[in-house]
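To start, the structure under review is shown below, and the notes come after it.
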Amino acid sequence: MAGATPKLIKELREMTGAGMLDCKNALNETEGDLEKAVQALREAGLGKAAKKAGNVAAEGLVSVLVNDDFSKATIVEINAQTDFVAKNENFINLTKDITSHVQVTGVSETSELNKTTINGQNFEQFLNEKIATIGENIVARKMATISTDTGVVNGYVHSNGRVGVILAATCDAAVKDKAAALLKSVAMHASAMKPTVISYTDLDPEFVENENRAIRAEIEADNDELKRLGKPLKNIPDFVSKSQLTDEAIANAKARFEAELKEQGKPEKIWPNIIPGKIERYITDNTQLDGRCALLSQAYVMDDKKTVEQAIADTDASIKIVEYVRFELGEGIEKKEEDFAAEVAAQMAK
(Lines give C-alpha, C1' and ligand atoms only; values in the text may rest on other atoms or scores of the structure.)
Protein backbone atom coordinates (compact mmCIF):
# COMPACT_ATOMS: atom_id res chain seq x y z
CA MET A 1 0.00 0.00 0.00
CA ALA A 2 1.23 3.51 -0.83
CA GLY A 3 2.23 5.97 1.86
CA ALA A 4 1.29 9.64 2.03
CA THR A 5 -0.09 11.23 -1.13
CA PRO A 6 -1.43 14.78 -1.45
CA LYS A 7 -4.98 13.44 -1.74
CA LEU A 8 -4.66 11.25 1.37
CA ILE A 9 -3.01 14.03 3.37
CA LYS A 10 -5.85 16.41 2.48
CA GLU A 11 -8.46 13.81 3.39
CA LEU A 12 -6.79 12.98 6.70
CA ARG A 13 -6.52 16.67 7.61
CA GLU A 14 -10.24 17.13 6.93
CA MET A 15 -11.06 14.07 9.05
CA THR A 16 -8.89 14.90 12.07
CA GLY A 17 -7.94 18.59 12.01
CA ALA A 18 -4.29 17.60 12.49
CA GLY A 19 -1.40 19.48 10.84
CA MET A 20 -0.15 18.65 7.37
CA LEU A 21 3.22 17.28 8.50
CA ASP A 22 1.61 15.18 11.24
CA CYS A 23 -0.83 13.76 8.68
CA LYS A 24 1.98 13.01 6.26
CA ASN A 25 4.02 11.21 8.92
CA ALA A 26 1.01 9.22 10.13
CA LEU A 27 0.17 8.08 6.60
CA ASN A 28 3.77 7.07 5.92
CA GLU A 29 3.89 5.11 9.17
CA THR A 30 0.65 3.29 8.33
CA GLU A 31 1.45 2.82 4.63
CA GLY A 32 -1.47 4.98 3.56
CA ASP A 33 -4.13 3.26 5.66
CA LEU A 34 -6.54 6.09 6.57
CA GLU A 35 -8.22 4.35 9.50
CA LYS A 36 -4.89 3.40 11.07
CA ALA A 37 -3.57 6.90 10.46
CA VAL A 38 -6.58 8.42 12.25
CA GLN A 39 -5.97 6.11 15.22
CA ALA A 40 -2.24 6.93 15.26
CA LEU A 41 -2.99 10.67 15.35
CA ARG A 42 -5.53 10.22 18.12
CA GLU A 43 -3.12 8.16 20.22
CA ALA A 44 -0.54 10.90 19.74
CA GLY A 45 -3.12 13.47 20.90
CA LEU A 46 -3.09 15.16 17.51
CA GLY A 47 -6.56 14.39 16.19
CA LYS A 48 -10.09 14.04 17.44
CA ALA A 49 -12.34 11.06 16.71
CA ALA A 50 -13.14 11.22 13.00
CA LYS A 51 -15.72 9.84 10.64
CA LYS A 52 -14.47 6.96 8.55
CA ALA A 53 -13.56 7.99 5.05
CA GLY A 54 -16.16 5.65 3.57
CA ASN A 55 -19.07 6.98 5.63
CA VAL A 56 -20.26 9.39 2.95
CA ALA A 57 -23.99 9.96 2.67
CA ALA A 58 -25.60 8.60 -0.48
CA GLU A 59 -29.08 9.67 -1.47
CA GLY A 60 -32.25 7.70 -0.88
CA LEU A 61 -34.28 6.78 2.18
CA VAL A 62 -34.16 4.64 5.29
CA SER A 63 -37.56 3.04 5.92
CA VAL A 64 -38.94 1.39 9.09
CA LEU A 65 -42.04 -0.80 9.30
CA VAL A 66 -43.47 -2.11 12.60
CA ASN A 67 -46.45 -4.47 12.48
CA ASP A 68 -49.64 -3.76 14.41
CA ASP A 69 -48.97 -6.02 17.39
CA PHE A 70 -45.35 -4.89 17.84
CA SER A 71 -44.01 -8.40 17.22
CA LYS A 72 -41.97 -7.66 14.07
CA ALA A 73 -39.99 -4.66 12.83
CA THR A 74 -38.11 -4.17 9.57
CA ILE A 75 -35.58 -1.56 8.51
CA VAL A 76 -34.40 -1.08 4.92
CA GLU A 77 -32.04 1.34 3.19
CA ILE A 78 -32.95 2.13 -0.42
CA ASN A 79 -30.40 4.19 -2.36
CA ALA A 80 -31.03 6.50 -5.28
CA GLN A 81 -28.63 8.77 -7.15
CA THR A 82 -30.06 12.17 -6.25
CA ASP A 83 -31.85 13.86 -3.38
CA PHE A 84 -34.47 15.07 -5.87
CA VAL A 85 -35.55 11.51 -6.68
CA ALA A 86 -35.47 10.54 -2.99
CA LYS A 87 -38.26 13.09 -2.43
CA ASN A 88 -40.29 11.82 -5.38
CA GLU A 89 -43.65 10.25 -4.44
CA ASN A 90 -43.03 7.25 -6.70
CA PHE A 91 -39.72 6.56 -4.96
CA ILE A 92 -41.25 6.99 -1.50
CA ASN A 93 -44.03 4.52 -2.38
CA LEU A 94 -41.48 2.09 -3.83
CA THR A 95 -39.51 2.26 -0.59
CA LYS A 96 -42.62 1.38 1.41
CA ASP A 97 -43.43 -1.52 -0.92
CA ILE A 98 -39.93 -2.95 -0.68
CA THR A 99 -39.87 -2.63 3.11
CA SER A 100 -43.18 -4.46 3.40
CA HIS A 101 -41.91 -7.16 1.01
CA VAL A 102 -38.71 -7.59 3.03
CA GLN A 103 -40.76 -8.05 6.19
CA VAL A 104 -43.01 -10.66 4.59
CA THR A 105 -40.18 -12.63 3.01
CA GLY A 106 -37.72 -12.28 5.89
CA VAL A 107 -34.74 -11.75 3.56
CA SER A 108 -31.64 -10.08 5.01
CA GLU A 109 -29.39 -9.65 1.95
CA THR A 110 -29.80 -7.99 -1.43
CA SER A 111 -28.84 -11.24 -3.15
CA GLU A 112 -31.70 -13.03 -1.34
CA LEU A 113 -34.14 -10.22 -2.14
CA ASN A 114 -33.34 -10.41 -5.85
CA LYS A 115 -34.47 -14.06 -5.94
CA THR A 116 -37.91 -13.35 -4.47
CA THR A 117 -41.19 -12.75 -6.25
CA ILE A 118 -43.18 -9.55 -5.77
CA ASN A 119 -46.53 -8.77 -7.37
CA GLY A 120 -46.19 -11.91 -9.48
CA GLN A 121 -42.79 -11.11 -10.96
CA ASN A 122 -39.14 -11.57 -10.13
CA PHE A 123 -37.91 -8.81 -7.82
CA GLU A 124 -35.01 -7.80 -10.09
CA GLN A 125 -37.40 -7.38 -13.00
CA PHE A 126 -39.82 -5.45 -10.78
CA LEU A 127 -37.06 -3.09 -9.64
CA ASN A 128 -35.70 -2.61 -13.16
CA GLU A 129 -39.14 -1.49 -14.31
CA LYS A 130 -39.27 1.01 -11.46
CA ILE A 131 -35.79 2.24 -12.39
CA ALA A 132 -36.97 2.79 -15.96
CA THR A 133 -39.98 4.76 -14.70
CA ILE A 134 -38.18 6.85 -12.09
CA GLY A 135 -35.12 7.42 -14.27
CA GLU A 136 -32.33 6.68 -11.79
CA ASN A 137 -30.46 3.65 -10.59
CA ILE A 138 -32.04 2.31 -7.39
CA VAL A 139 -30.54 -0.23 -5.00
CA ALA A 140 -32.08 -1.99 -2.02
CA ARG A 141 -28.78 -1.89 -0.16
CA LYS A 142 -29.34 -3.00 3.44
CA MET A 143 -32.18 -4.66 5.32
CA ALA A 144 -32.88 -6.27 8.68
CA THR A 145 -35.91 -7.68 10.46
CA ILE A 146 -36.27 -8.45 14.16
CA SER A 147 -39.16 -10.28 15.78
CA THR A 148 -40.35 -11.70 19.09
CA ASP A 149 -43.00 -14.09 20.36
CA THR A 150 -42.85 -13.00 23.98
CA GLY A 151 -41.63 -9.40 24.06
CA VAL A 152 -42.10 -6.32 21.87
CA VAL A 153 -40.36 -4.49 19.05
CA ASN A 154 -40.59 -0.91 17.90
CA GLY A 155 -38.73 1.54 15.75
CA TYR A 156 -38.28 5.08 14.56
CA VAL A 157 -37.23 6.77 11.36
CA HIS A 158 -36.22 10.43 11.46
CA SER A 159 -38.35 12.90 9.54
CA ASN A 160 -35.67 13.40 6.89
CA GLY A 161 -35.61 9.65 6.16
CA ARG A 162 -31.85 9.45 6.60
CA VAL A 163 -31.65 7.62 9.95
CA GLY A 164 -33.70 4.74 11.30
CA VAL A 165 -33.60 2.44 14.33
CA ILE A 166 -35.39 -0.76 15.33
CA LEU A 167 -35.26 -2.40 18.78
CA ALA A 168 -36.53 -5.56 20.45
CA ALA A 169 -37.06 -6.12 24.16
CA THR A 170 -38.18 -8.89 26.46
CA CYS A 171 -40.77 -7.94 29.08
CA ASP A 172 -43.63 -9.22 31.20
CA ALA A 173 -46.91 -9.62 29.32
CA ALA A 174 -48.61 -7.03 31.52
CA VAL A 175 -46.27 -4.22 30.42
CA LYS A 176 -46.09 -4.82 26.65
CA ASP A 177 -47.85 -1.56 25.77
CA LYS A 178 -45.61 0.37 28.13
CA ALA A 179 -42.53 -1.37 26.70
CA ALA A 180 -43.54 -0.59 23.11
CA ALA A 181 -43.90 3.11 23.91
CA LEU A 182 -40.57 3.14 25.70
CA LEU A 183 -38.81 1.45 22.79
CA LYS A 184 -40.10 4.16 20.44
CA SER A 185 -38.49 6.79 22.67
CA VAL A 186 -35.25 4.83 22.99
CA ALA A 187 -35.17 4.40 19.20
CA MET A 188 -35.45 8.19 18.84
CA HIS A 189 -32.58 8.55 21.31
CA ALA A 190 -30.42 6.06 19.39
CA SER A 191 -31.08 7.78 16.07
CA ALA A 192 -29.52 10.95 17.48
CA MET A 193 -26.80 9.59 19.77
CA LYS A 194 -25.45 6.85 17.46
CA PRO A 195 -24.61 4.06 19.93
CA THR A 196 -22.86 1.12 18.28
CA VAL A 197 -23.78 -1.57 20.83
CA ILE A 198 -26.48 -2.18 23.44
CA SER A 199 -24.20 -2.63 26.46
CA TYR A 200 -20.57 -1.95 27.37
CA THR A 201 -20.22 -5.74 27.69
CA ASP A 202 -20.67 -5.92 23.89
CA LEU A 203 -17.59 -3.77 23.18
CA ASP A 204 -14.64 -5.60 21.68
CA PRO A 205 -11.74 -5.74 24.22
CA GLU A 206 -9.17 -4.74 21.59
CA PHE A 207 -11.29 -1.74 20.61
CA VAL A 208 -11.54 -0.73 24.28
CA GLU A 209 -7.76 -0.90 24.71
CA ASN A 210 -7.17 1.17 21.56
CA GLU A 211 -9.70 3.77 22.69
CA ASN A 212 -8.16 3.82 26.16
CA ARG A 213 -4.93 5.14 24.69
CA ALA A 214 -6.66 7.48 22.26
CA ILE A 215 -9.05 9.07 24.76
CA ARG A 216 -6.27 9.61 27.31
CA ALA A 217 -4.19 11.30 24.60
CA GLU A 218 -7.13 13.51 23.60
CA ILE A 219 -7.64 14.66 27.19
CA GLU A 220 -3.92 15.28 27.69
CA ALA A 221 -3.90 17.42 24.54
CA ASP A 222 -6.98 19.31 25.78
CA ASN A 223 -5.27 19.89 29.14
CA ASP A 224 -2.25 21.44 27.42
CA GLU A 225 -4.58 24.05 25.93
CA LEU A 226 -6.55 24.50 29.17
CA LYS A 227 -3.31 25.01 31.07
CA ARG A 228 -2.25 27.66 28.56
CA LEU A 229 -5.58 29.43 29.06
CA GLY A 230 -5.37 29.16 32.85
CA LYS A 231 -8.53 27.04 33.06
CA PRO A 232 -9.21 23.97 35.25
CA LEU A 233 -7.77 20.75 33.85
CA LYS A 234 -9.79 17.64 33.06
CA ASN A 235 -9.22 14.43 35.00
CA ILE A 236 -7.15 11.94 33.03
CA PRO A 237 -8.81 8.52 33.39
CA ASP A 238 -7.09 5.22 34.10
CA PHE A 239 -9.73 3.43 32.03
CA VAL A 240 -12.52 4.23 29.56
CA SER A 241 -15.05 1.41 30.03
CA LYS A 242 -16.85 -0.28 32.87
CA SER A 243 -15.53 -3.54 31.44
CA GLN A 244 -12.11 -2.48 32.76
CA LEU A 245 -13.33 -1.39 36.20
CA THR A 246 -12.64 -4.49 38.26
CA ASP A 247 -13.27 -4.68 42.01
CA GLU A 248 -9.52 -4.27 42.43
CA ALA A 249 -9.52 -1.07 40.38
CA ILE A 250 -12.32 0.42 42.49
CA ALA A 251 -10.56 -0.66 45.70
CA ASN A 252 -7.32 0.97 44.55
CA ALA A 253 -9.18 4.20 43.75
CA LYS A 254 -10.85 4.17 47.17
CA ALA A 255 -7.49 3.65 48.90
CA ARG A 256 -6.04 6.56 46.92
CA PHE A 257 -8.92 8.83 47.96
CA GLU A 258 -8.49 7.84 51.60
CA ALA A 259 -4.78 8.63 51.41
CA GLU A 260 -5.54 12.04 49.89
CA LEU A 261 -8.09 12.86 52.61
CA LYS A 262 -5.63 11.80 55.29
CA GLU A 263 -2.92 13.99 53.78
CA GLN A 264 -5.38 16.90 53.70
CA GLY A 265 -6.06 16.41 57.40
CA LYS A 266 -9.72 15.52 56.96
CA PRO A 267 -11.16 13.73 60.03
CA GLU A 268 -11.60 10.03 59.34
CA LYS A 269 -15.16 10.10 60.67
CA ILE A 270 -16.29 12.25 57.72
CA TRP A 271 -14.61 10.12 55.03
CA PRO A 272 -17.77 8.01 54.48
CA ASN A 273 -19.57 11.23 53.52
CA ILE A 274 -16.93 12.19 50.94
CA ILE A 275 -15.63 8.98 49.39
CA PRO A 276 -18.88 7.75 47.74
CA GLY A 277 -19.08 10.94 45.69
CA LYS A 278 -15.44 10.60 44.68
CA ILE A 279 -16.01 6.98 43.66
CA GLU A 280 -19.05 8.00 41.61
CA ARG A 281 -17.02 10.71 39.84
CA TYR A 282 -14.17 8.22 39.31
CA ILE A 283 -16.55 5.77 37.63
CA THR A 284 -17.95 8.55 35.42
CA ASP A 285 -14.46 9.68 34.39
CA ASN A 286 -13.38 6.11 33.68
CA THR A 287 -16.33 5.01 31.54
CA GLN A 288 -16.29 7.68 28.84
CA LEU A 289 -16.20 5.15 26.00
CA ASP A 290 -19.38 3.52 27.29
CA GLY A 291 -21.13 6.89 27.09
CA ARG A 292 -20.04 7.26 23.50
CA CYS A 293 -20.77 3.76 22.23
CA ALA A 294 -23.07 1.79 24.55
CA LEU A 295 -26.80 2.55 24.35
CA LEU A 296 -27.61 1.66 27.97
CA SER A 297 -24.76 3.81 29.32
CA GLN A 298 -25.68 6.98 27.44
CA ALA A 299 -27.41 9.95 29.05
CA TYR A 300 -31.04 9.60 27.96
CA VAL A 301 -32.04 12.45 25.66
CA MET A 302 -35.55 12.50 27.14
CA ASP A 303 -34.14 12.98 30.66
CA ASP A 304 -30.38 13.57 30.76
CA LYS A 305 -30.28 13.11 34.53
CA LYS A 306 -30.68 9.39 33.84
CA THR A 307 -28.91 6.88 31.66
CA VAL A 308 -31.00 4.89 29.19
CA GLU A 309 -30.58 1.89 31.49
CA GLN A 310 -31.95 3.86 34.46
CA ALA A 311 -34.86 5.17 32.41
CA ILE A 312 -35.80 1.62 31.40
CA ALA A 313 -35.52 0.38 35.01
CA ASP A 314 -37.71 3.25 36.23
CA THR A 315 -40.37 2.30 33.68
CA ASP A 316 -40.37 -1.40 34.56
CA ALA A 317 -37.58 -3.70 35.73
CA SER A 318 -38.75 -6.56 33.48
CA ILE A 319 -38.00 -4.63 30.24
CA LYS A 320 -34.66 -5.65 28.72
CA ILE A 321 -33.40 -4.55 25.29
CA VAL A 322 -32.04 -7.55 23.41
CA GLU A 323 -31.70 -6.39 19.78
CA TYR A 324 -30.70 -3.09 18.23
CA VAL A 325 -30.24 -2.09 14.59
CA ARG A 326 -29.43 1.40 13.35
CA PHE A 327 -29.11 2.43 9.70
CA GLU A 328 -27.77 5.79 8.58
CA LEU A 329 -28.16 6.61 4.92
CA GLY A 330 -24.99 6.01 2.93
CA GLU A 331 -22.95 4.75 5.89
CA GLY A 332 -20.08 2.63 4.61
CA ILE A 333 -20.46 3.60 0.94
CA GLU A 334 -17.06 4.21 -0.59
CA LYS A 335 -16.36 7.65 -1.97
CA LYS A 336 -16.50 7.97 -5.71
CA GLU A 337 -13.30 9.53 -6.96
CA GLU A 338 -14.24 12.73 -8.78
CA ASP A 339 -11.84 14.05 -11.42
CA PHE A 340 -13.58 17.12 -12.83
CA ALA A 341 -10.91 17.88 -15.43
CA ALA A 342 -11.03 14.33 -16.78
CA GLU A 343 -14.82 14.43 -16.84
CA VAL A 344 -14.83 17.65 -18.88
CA ALA A 345 -12.20 16.27 -21.26
CA ALA A 346 -14.25 13.10 -21.74
CA GLN A 347 -17.37 15.12 -22.50
CA MET A 348 -15.54 17.31 -25.03
CA ALA A 349 -14.14 14.23 -26.76
CA LYS A 350 -17.63 12.91 -27.53
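Keep in mind that this is a model prediction, so the values were computed, not measured. Hydrogens, waters and symmetry mates are skipped; everything else that's a heavy atom, side chains included, is used.
Between Glu14 and Lys10 there is a salt bridge, since a side-chain N of the basic residue sits under 4.0 Å from a carboxylate O of the acidic one. Salt-bridge check for Asp83 with Lys87: passed, with a basic side-chain N closer than 4.0 Å to an acidic carboxylate O. Taking the charged nitrogens against the carboxylate oxygens, Lys227 and Asp222 have no contact shorter than 4.0 Å, which rules out a salt bridge. The pair Lys262-Glu258 does not count as a salt bridge, with every side-chain nitrogen at least 4.0 angstrom from each carboxylate oxygen. A salt bridge between Glu124 and Lys115 is absent, with no side-chain N of the basic residue lying under 4.0 Å from a carboxylate O of the acidic one. Between Arg162 and Glu328 there is no salt bridge, since no side-chain nitrogen of the basic residue lies less than 4.0 Å from a carboxylate oxygen of the acidic one.
For the atom pair CD1 (Ile215) and CD (Glu220), the distance works out to 12.0 Å, reported to the nearest 0.5 Å. Atom CD of residue Glu109 and atom CG of residue Asn114 lie 11.0 Å apart, to the nearest 0.5 angstrom. Here SG of Cys171 is found 10.0 Å from CG of Leu182. Values are rounded to the nearest 0.5 Å. A distance of 11.0 Å separates SG in Cys293 from CE in Met193, rounded to the nearest 0.5 Å. The structure places NZ of Lys176 at 11.0 Å from OG1 of Thr170, a figure rounded to the nearest 0.5 Å. Separation of atoms CG (Asn210) and CD (Glu43) is listed at 6.0 Å; rounding is to 0.5 Å.
No side-chain donor-acceptor contact under 3.5 Å links Asn252 to the backbone of Ala249. With hydrogens and angles ignored, the 3.5 Å screen pairs a side-chain donor or acceptor of Asn28 with a backbone N or O of Ala4. The main-chain N or O of Asp149 is never found under 3.5 Å from a side-chain atom of Ser71 such that the two would form a donor-acceptor pair. A distance-only check finds no donor-acceptor pair linking the side chain of Ser108 to the backbone of Ala144 [under 3.5 Å]. Not a single donor-acceptor pair under 3.5 Å links the side chain of Asp304 to the backbone N or O of Ala299. Using modelled atom types, one side-chain atom of Ser191 and one backbone atom of Met188 make a donor-acceptor pair closer than 3.5 Å. Under the 3.5 Å distance criterion, the side-chain polar atoms of Gln244 are matched with a main-chain donor or acceptor of Val240. Formation of a donor-acceptor pair under 3.5 Å by the Glu136 side chain with backbone atoms of Gln81 is found in this model. Asp303 places a side-chain N or O within donor-acceptor distance of the main-chain N or O of Lys305, the cut-off being under 3.5 Å. His189 contributes a side-chain N or O that, together with a main-chain N or O of Val301, makes up a donor-acceptor pair within less than 3.5 Å.
Closest of all the heavy-atom pairs between Lys36 and Asp33 is N-OD1, 3.1 Å. The nearest pair of heavy atoms linking Ile92 to Ala86 is CG1-O, 3.8 Å. Of all non-hydrogen atoms in Leu329 and Leu61, the two that sit nearest each other are CD1-N, 3.7 Å. Here the closest non-hydrogen pair linking Ala37 and Leu12 is CB-CD2, 3.8 Å. Shown here for Gln39 and Ala214, the closest heavy-atom pair between the two residues is NE2-CB, 3.9 Å. Taking both residues in full, the closest heavy atoms of Ile312 and Ile319 are given as CG2-O, 3.3 Å, listed atom of the first, atom of the second, then distance.
Heavy atoms from other residues, nucleotides or ligands lying under 6.0 Å from CZ of Arg256 number more than 12. By the neighbour-count criterion of 12 heavy atoms within 6.0 Å, atom CG of Asp247 is sparsely surrounded, having that number or fewer from other residues, nucleotides or ligands. Within a 6.0 Å sphere centred on CG of Asn122, other residues, nucleotides and ligands contribute more than 12 heavy atoms. Counting non-hydrogen atoms of neighbouring residues, nucleotides and ligands closer than 6.0 angstrom, the CE atom of Met20 reaches no more than 12 such neighbours. The 12-atom threshold is not exceeded at NZ of Lys242, counting heavy atoms of other residues, nucleotides or ligands nearer than 6.0 Å. Around atom CD of Gln264, more than 12 heavy atoms belonging to other residues, nucleotides or ligands sit under 6.0 Å away.
You'll find the side chain of Leu8 reaches within 4.5 Å of the side chain of Leu34, heavy atoms only. For the pair Val197/Leu295, no side-chain contact is recorded, criterion being any heavy-atom separation below 4.5 Å from C-beta on. In this structure, Pro195 and Tyr324 have side chains that are in contact, with non-hydrogen atoms separated by less than 4.5 Å. Put simply, the side chain of Glu323 does not reach to within 4.5 Å of the side chain of Leu167, judged on heavy atoms. Contact check for Met143 versus Val107: side-chain heavy atoms found under the 4.5 Å cut-off. Annotation: side chain of Leu245 is in contact with side chain of Ile283 (closest heavy-atom distance under 4.5 Å). A 4.5 Å side-chain heavy-atom check between Thr307 and Gln310 finds at least one atom pair inside the cut-off. The shortest side-chain heavy-atom distance between Asn286 and Asn235 does not fall under the 4.5 Å cut-off.
Residues Val76 and Val62 fall into different hydrophobic clusters, defined by Ile, Leu, Val, Met, Phe, Trp and Tyr side chains chained together at heavy-atom separations under 4.5 Å. Transitive grouping of hydrophobic side chains (ILVMFWY, heavy atoms separated by less than 4.5 Å) keeps Val64 and Val163 in distinct clusters. The cluster map of Ile, Leu, Val, Met, Phe, Trp and Tyr, joined by side-chain heavy atoms under 4.5 Å apart, puts Ile146 and Ile98 in different clusters. Hydrophobic clustering (side-chain heavy atoms under 4.5 Å, transitive across Ile, Leu, Val, Met, Phe, Trp, Tyr) groups Trp271 together with Ile250. No chain of hydrophobic side-chain contacts below 4.5 Å, direct or via other Ile, Leu, Val, Met, Phe, Trp or Tyr residues, connects Val139 to Ile131.
Screening Leu289, Thr287, Ile219, Asn212 for a side-chain contact (heavy atoms from CB on, under 4.5 Å) with Pro237, the sole residue that qualifies is Ile219.
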Q: Please lay out, stage by stage, how Arg292 and Glu218 fare under the test salt bridge (charged side-chain N to carboxylate O under 4.0 Å, His left out).
A: CA-CA 14 Å; Arg292 294 183 186 184; Glu218 288 173 10; 3.4 Å; yes

Q: Step by step, work out the side-chain contact (heavy atoms from CB on, under 4.5 Å) result for Val66 and Lys72.
A: CA-CA 6 Å; Val66 180; Lys72 185 180 289 187; over 6 Å; no

Q) Where do Val157 and Ser63 land on the side-chain contact (heavy atoms from CB on, under 4.5 Å) test, with the steps shown first? A) CA-CA 7 Å; Val157 61; Ser63 173; over 6 Å; no

Q: Verify side-chain contact (heavy atoms from CB on, under 4.5 Å) between Leu203 and Glu211, making sure each step is shown before the conclusion.
A: CA-CA 11 Å; Leu203 293 171; Glu211 288 299 300; over 6 Å; no

Q: Show your reasoning for whether side-chain contact (heavy atoms from CB on, under 4.5 Å) applies to Ile138 and Leu94.
A: CA-CA 10 Å; Ile138 298 168; Leu94 173 63; 3.9 Å; yes

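Ring-plane geometry between Tyr282 and Phe257 is classed as perpendicular, the angle between the planes exceeding 60 degrees on a 0 to 90 degree scale with a lower cut at 30.
Defined by atom type and a distance below 3.5 Å, a donor-acceptor pair is missing between the side-chain atoms of Ser297 and Glu309. When only modelled atom types and interatomic distance are considered, Asn223 and Glu225 share no side-chain donor-acceptor pair under 3.5 Å. Looking at Asn67 and Asp69, their side chains do bring a donor and an acceptor atom within 3.5 Å of each other.
Note that Lys306 lies outside the cation-pi zone of Tyr300, set by a 6.0 Å cut-off to the ring centre and a 45° limit from the axis.
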